[in-house]
Structure formats: C-alpha cells, structure tokens
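No experiment lies behind these values; they were computed from the predicted model shown. Each chain gets a letter, A, B and so on, in the order the sequences are listed, and its residues count up from 1. Keep in mind that the numbers below use all heavy atoms, side chains included, and drop hydrogens, waters and symmetry copies.
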There are 2 protein chains.
Amino acid sequence: MKVTIGDVANKAGVSKTTVSRILNGNFNHNTEETKKRVLEAIEELKYRPNSLAKGLKSMRTNVIGIVLSSFKNTFWATVLEGVEDTCRELGYNIMICSSGDDPELEEEYIREFQMRQVDGIVINPTALNTKLYNELVEIKFPMVVINRKVNDLHAHNVVVDNIRGAFMAVDHLLKNGRKHVAAFAYKNKYVSTWQERLEGYRAALLANGYSSSNFKIVEIDKEEISVKESIIRFVEENPDIDGIFSTNNVITLEIFEVLKEMNLKIPEEIAIVSYDETDWAKHLDPSLTTVRQPAYDLGKVSAKLLIDTIQSKKFDPNKVILQPDLIVRKSSSKP
Amino acid sequence: MKVTIGDVANKAGVSKTTVSRILNGNFNHNTEETKKRVLEAIEELKYRPNSLAKGLKSMRTNVIGIVLSSFKNTFWATVLEGVEDTCRELGYNIMICSSGDDPELEEEYIREFQMRQVDGIVINPTALNTKLYNELVEIKFPMVVINRKVNDLHAHNVVVDNIRGAFMAVDHLLKNGRKHVAAFAYKNKYVSTWQERLEGYRAALLANGYSSSNFKIVEIDKEEISVKESIIRFVEENPDIDGIFSTNNVITLEIFEVLKEMNLKIPEEIAIVSYDETDWAKHLDPSLTTVRQPAYDLGKVSAKLLIDTIQSKKFDPNKVILQPDLIVRKSSSKP
DNA sequence: ATGAAAGCGCTAACAT
DNA sequence: ATGTTAGCGCTTTCAT
C-alpha cells in the first residue's frame, strides 16, 4: 500500500541515496539518464515522501506553530492570511491553536508544538506565562511575539504602534472641535495593547492643552458589568461628553446601540473613532472612522522574521513597530 | 541538549521499553516503584517525547488538516473554534490552510497534508477537484467534506440545510406582506451553497402561490461587475421590488448602502433578510434579520466524525444535515 | 515485570 | 556518479 523511497529505488534500479538526492535537488552529480528513470519511477508509483521520517532525520519539519487568542476577529484572520502566504512561499506549513487568553491553555499548546518539533512559533501572548516565554528564549526556540509586548523579554517582537494609533484618533477628534473626549477599553493590565491605546489617548489630550484632570477613561471589567451597562452608566453620568475613542470594535457596536437608544446623534452630539477597520465599518450609519492596523503585514513580517531566524539561527531580538493609519468617515465629522 | 527516551531510561536505570510503556499508560505490569522512578526522571530531565518519532513508528500523528476557502469570515472562525475544541478534547492538533477557492492550491495543500501524514482532513471543497476527491475516497483517506456538497462523492459530508434556510427567509418575507421578493447570490454553479439557497428561494415563492415567472434572481459575477453596481442596476430596473433575500452578508452590506443612497427606506419600502448571522447584524440600522447557521456545531460534528473515522476505520459515508434558524429583527418588519 | 532488538522512512557521511 | 551504512527517537514483538 504505502510506497517508500526504497520502492522507488528498486523500480529505478538505483539506491535510496540516489533517489533522495534527486528528490532534494542535489542532482549536480547525476546522469540525466538516472534522473529521468528515478523521476519516472516516482511518477508511476505515485510516490510521496514521508515528512515525518524526513523531519526525524533532518531535525527540521518546515512547520511553524501559531498561537492566537481567538480566531473570531477580522484582524486575526487577516494576520493569519499574511502568515499563510509567507509560509507557502517559503515552503512551510502551519499548525494553529487559540489560547482564549488562558495562560494554562497557552502553555499546553506550546508544549504540544514543541513535541511536534515545529521549527518555531508565532504567538500573540497572554502575557501571563513569563517564566515559559523566558525558558523558550533560553533554549533559543525560534519565536516571534506579535501584537502585544512582554516586559523584559529578549525575543523578537512585531507590533503595531498603539500609542500612535490612539493618538491619531484622539487628536483627530480634538482638532475637529470636540472638547470632552472619553476613551473606552477592556480592563486588563497585562495586555500592552489596551494600556498603550490609553496612553496614546492621554498623550493626545496633553498635546492639545488639556491636563490629566480632563482624562475620562472607562475600563470595562467584563466579569463585573456588561459592556452595554457600563457605557450607559458612563454616558448618563457624563452628559458633557462630545467625543468617544473606542479601543475595540465590539465595544464600538455597543456604543452605537446605546447612543441611538438614548437618542444622542452621531456625530452631531457625539463623535466616535474606533479601533479596528472592518468590512462593516463603512456601512454603519453613520459610517465609522477607524484606526486601521496593517494586519496582513503584521502576519507577513512576523512569519518572515520567524523563518529567517529558523534558517539563519541568529537570535538577536528584532523589534518591529508597524504603523496604523486613520480612516476618516462620518462618525467623526465636525459638530 | 535534546533529551530522549534513552536518557530517561538511563537516569531511571530501566530500559527504553519500560519508559515507553509508562509514558503510554501501559503500566498494568509495572511496579509502583519503577513507575515512580521513571516519572521522576522524566520530571528532572524535562523530557518531552518526540512526536515525529512516535508518529513514524506508530503510523498515527494525531494531527488533522483543515482546508478552508478563506479565514476572513466569522462563520469560518466559528467553525474552526468547534473543530479546535473537539480536537483538544480528543488529543488532536490542527494543521490549517486556505485555498482561496483555487483548485490548484487546494490540491497542493492536500498533497502537503498527506506527506505530513495527517490522520485525516476536514475540507470545504472548491468542488473543482472531483478526481482528487475520489482518489482520496478510493485510498480510504479519512475525510469530512463540510459546508458544500460534491456530486456523487462517496464521502462523509456535514452541511447546513441551505434550501430550508433560504425557504424560511423568503417565506418570512412573503408571510409578512411582501409581494415582490428578489434574491441575490454570487454566480458560481459549482458551489452547492449558493445554488441551494436559490432553490429554497424558488420553493418559498411556489409554496406561497407564485409561479416561476415571479422569480427575480440576481447572480453576481464578480469578474464582470461590482457587487454595488449590479445591485443598483437591478433596483433601478425593478422599482416594484419590496423585499430582498441576500445569500451573503458582504452583498447585504452593499445592499444597505445602495438603498440608503437611493433613499429607499428599510424596511418600510424594502425588507431584507440575509445570510449569515454576525456580530454586527443586530447593530445595523435597522437591525438585520438573518439566517443563522450552527457554525460551531458544524465544526464540532465534523471533527468528531473525522476522528471517529480515523479511530474506527469505518468508512460508510455519513451525511449530516444541520438546521439553520431565522433571527427576526427590524429589517424585515411588516411594511 | 522488564529488556533486547528490529525497524518505521528518510538523510548524510563516507566510501568507491 | 552512485552505493553502503548508520542512525534520527520511538514502539513493539518476542524473550526472559
């Protein structure tokens, strides 16, 4: 049933070595004649090399692992596309999993990937397994940390500039005449993403002549209160708000709903700018101004960096910061 | 550097066989004492079995491959979640790829998966590689075809009832007083999904006393015309339309935009029902009535079926049809 | 209850 | 230009 390299060798009347050489493009030293015979034998027997055996011998699998927090987000789907395209181009396959931001699951999956001898991993870390991350760096396991930062970790890191993205968003609101701008984020002090977007928010206020007493930050603890409820509460308690910067598009959808229910006009009474750009942003009513992150590039750059590391065995941590841009639509028009 | 089963054996003062047995839970015949010593050695050496070697020997990798058309869609992200949860539960890992509905790429990826000795695949087929699919069935390669049907293929198939979903959508429009209902779909005669949704549309019209002369079907050929343009053209040429059934949510977003630009009120003048349910459907203005497909279950059932097949080696094709449901919102309210 | 030895399918150093 | 041989790390008969 299973046809092996030995079968091909027999059929072609040569040794396994010769077949192996031709298979791997080392036929500098082969007669056209033998090459032809081997290729024919492969064709006739429909031989397909067993990657397991190859990997066991060569200590390389040409598989990389990718650990995401969740698949359910256009952003990650697009990152994955970038990773996939790069991997295909360079001859790698992908094993995938999602941690759901659960550190134990994250560790379990990483261990699994290691046992499967993946050549390296791309990971959006929970940021809660510091010891594990450092162990991986220690043993020089090729790894690219994406999207989030892990403090003091001596590893490759590819992120999008969240401070800048948030700054652009909030600066845009202020420059367009908004005076009381609030920021909404999920509460999670371990995830650099949210923290940095809030930092960008603060920076924009300060740069526009406001002081820290003007900061209006809503950090939503999903365990304690629903997103919707916390928005309602905030808006009721802060009737002077005329601009909102939302760090996440699930929150944004809730904000749209709440404001409509409260009969607050967007953008006349309250302007909105949101992370991230999505398929539906331009179709909302009013169309949504967004901070677009270069998700595809994030995937592409990360995969490329990982594979370079695998192939060159160089490990000086590389820190790459990609830039987002602002897509201005109607939700942030002048009042 | 690398610690192998031999190192553990040495450290514990036993043979590799014994370590292997304990590793795989075959310690019916082992002293508590040896078991303990081996476990300790594993712990101390931080030994992790090499799955490649294991797979090479045992002819099982506990990896399945999944071939999608694209990741960029909540539907597929959710399917993937179902697959992942099931795989984790049953001890399998996932290799992933997307074909972009390109049959050559699809074949390339399947071959790759075979060489990597995946135990089986879950595939949303382009439906254009009939010969390949049949070859896989022929060699009894465990495979579950999902979401789409392939004519005359003797393989497992898990789909959602598209005729029924479309019927429910259109019947709902008609029962709520709409008289002239059109259907929008991508033009692709190979993909059963679109074909069946149009069939459901026709069935609903007939069941409500209309004849085939009342069918208004727009099949959009993306090569020839933009989605938006084809919607505009149709609506201009058919001013009597008062209901639209959209088979795809990208088309739906464009429909919303066009109707707003043409100042046609939803749902007063035109009602809309759309595939699929998404995060944003309830936040559109007006909120969108959708046909929800059990995506998570689709993933779960498919993965379970695949793994059962792998483990039991039974191959009588299993045809599973899951049922969608209708989520009624404002976009389809009575005129 | 434990071990020795063969071998899964491939590659690569070392012949020839 | 091609072949011989020795493993890669594991499981699995078959002994003991």
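- Residues passing the side chain to side chain donor-acceptor pair (under 3.5 Å) test with B/Tyr47: none are found, sequence neighbours excluded.
- Atom-to-atom, NZ of B/Lys54 to C1' of C/dC10 comes out at 21 Å; the value is rounded to the nearest Å.
- Between B/Lys131 and B/Glu135 there is no salt bridge, since none of the side-chain N atoms of the basic residue sits less than 4.0 Å from a carboxylate O of the acidic one.
- Nearest-nucleotide positions on DNA chain C place B/Thr18 closer to the 5' end than the other of B/Thr18 and B/Met59.
- Consecutive pairing runs in DNA chain C reach the stem threshold at C:1-16 with D:1-16, where a stem means at least three Watson-Crick or G-U wobble pairs with distances under 3.5 Å.
- One interatomic measurement links the two molecules: CD of B/Gln117 to C1' of C/dC10, which rounds to 11 Å at whole-angstrom precision.
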Donor-acceptor pairs under 3.5 Å, side chain of residues 62-71 of chain A to any protein atom, not counting sequence neighbours: which ones?
residue : atom : partner  : partner atom : Å
A/Asn62 : ND2  : A/Gly91  : O            : 3.0
A/Ser69 : OG   : A/Asn124 : ND2          : 3.2
A/Ser70 : OG   : A/Lys72  : N            : 3.0

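- Applying the side chain to side chain donor-acceptor pair (under 3.5 Å) rule to A/Thr4 yields no partners; only residues at least two apart in sequence or on another chain are considered.
- For the pair B/Leu52 CG and C/dC10 P, the interatomic distance rounds to 13 Å; values are reported in whole Å.
- Side-chain contact annotation: B/Asn24 with B/Lys54, donor-acceptor N/O pair under 3.5 Å present.
- The CE atom of A/Met115 sits 11 Å away from the P atom of D/dT11 (whole-angstrom rounding).
- Partners of B/Tyr296 according to the side chain to side chain donor-acceptor pair (under 3.5 Å) rule, which considers only residues two or more places apart in sequence or in another chain, are B/Asp85.
- The distance from atom CZ of B/Arg60 to atom P of D/dG9 is 24 Å, rounded to the nearest whole Å.
- For the pair A/Leu23 CG and C/dA12 C1', the interatomic distance rounds to 15 Å; values are reported in whole Å.
- A side-chain hydrogen bond (donor to acceptor under 3.5 Å, both in side chains) check over residues 5-18 of chain A, counting only residues at least two apart or in different chains, returns the pairs A/Lys11-A/Glu44, A/Ser15-A/Thr18.
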Under 3.5 Å between N/O atoms: give me all the protein pairs with nucleotides 12-16 of chain D, atom names plus distance.
residue : atom : partner : partner atom : Å
D/dT12  : O4   : B/Thr17 : OG1          : 3.1

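- The side-chain hydrogen bond (donor to acceptor under 3.5 Å, both in side chains) contacts involving residues 97-107 of chain B comprise A/Glu84-B/Ser98, B/Asp101-B/Arg148, B/Glu106-B/Thr126, B/Glu106-B/Asn129, B/Glu106-B/Tyr133, B/Glu107-B/Arg111, where partners must be two or more places apart or lie in separate chains.
- Taking B/Trp194 as the reference, B/Tyr186 meet the ring pair (Phe, Tyr, Trp, His ring centres under 6.0 Å) condition, with sequence neighbours excluded.
- Residues meeting the side chain to side chain donor-acceptor pair (under 3.5 Å) test with A/Asn93, sequence neighbours left out: B/Arg116.
- Sorted by residue number, the members of residues 41-51 of chain B with any non-hydrogen atom under 4.0 Å from DNA chain D read B/Tyr47, B/Pro49, B/Asn50.
- Rounded to an integer number of Å, the gap from CD of A/Glu33 to C1' of D/dT2 is 14 Å.
- When rounded to the nearest whole Å, the span between CD1 of A/Ile5 and C1' of C/dC10 equals 6 Å.
- Contact annotation: A/Ser15 reaches the phosphate of D/dG3 (side-chain N/O to OP1 or OP2, under 4.0 Å).
- Residues that satisfy the side chain to side chain contact (heavy atoms under 4.5 Å, CB included) test with A/Ile321, not counting sequence neighbours, are A/Val159, A/Asp161, A/Gln323.
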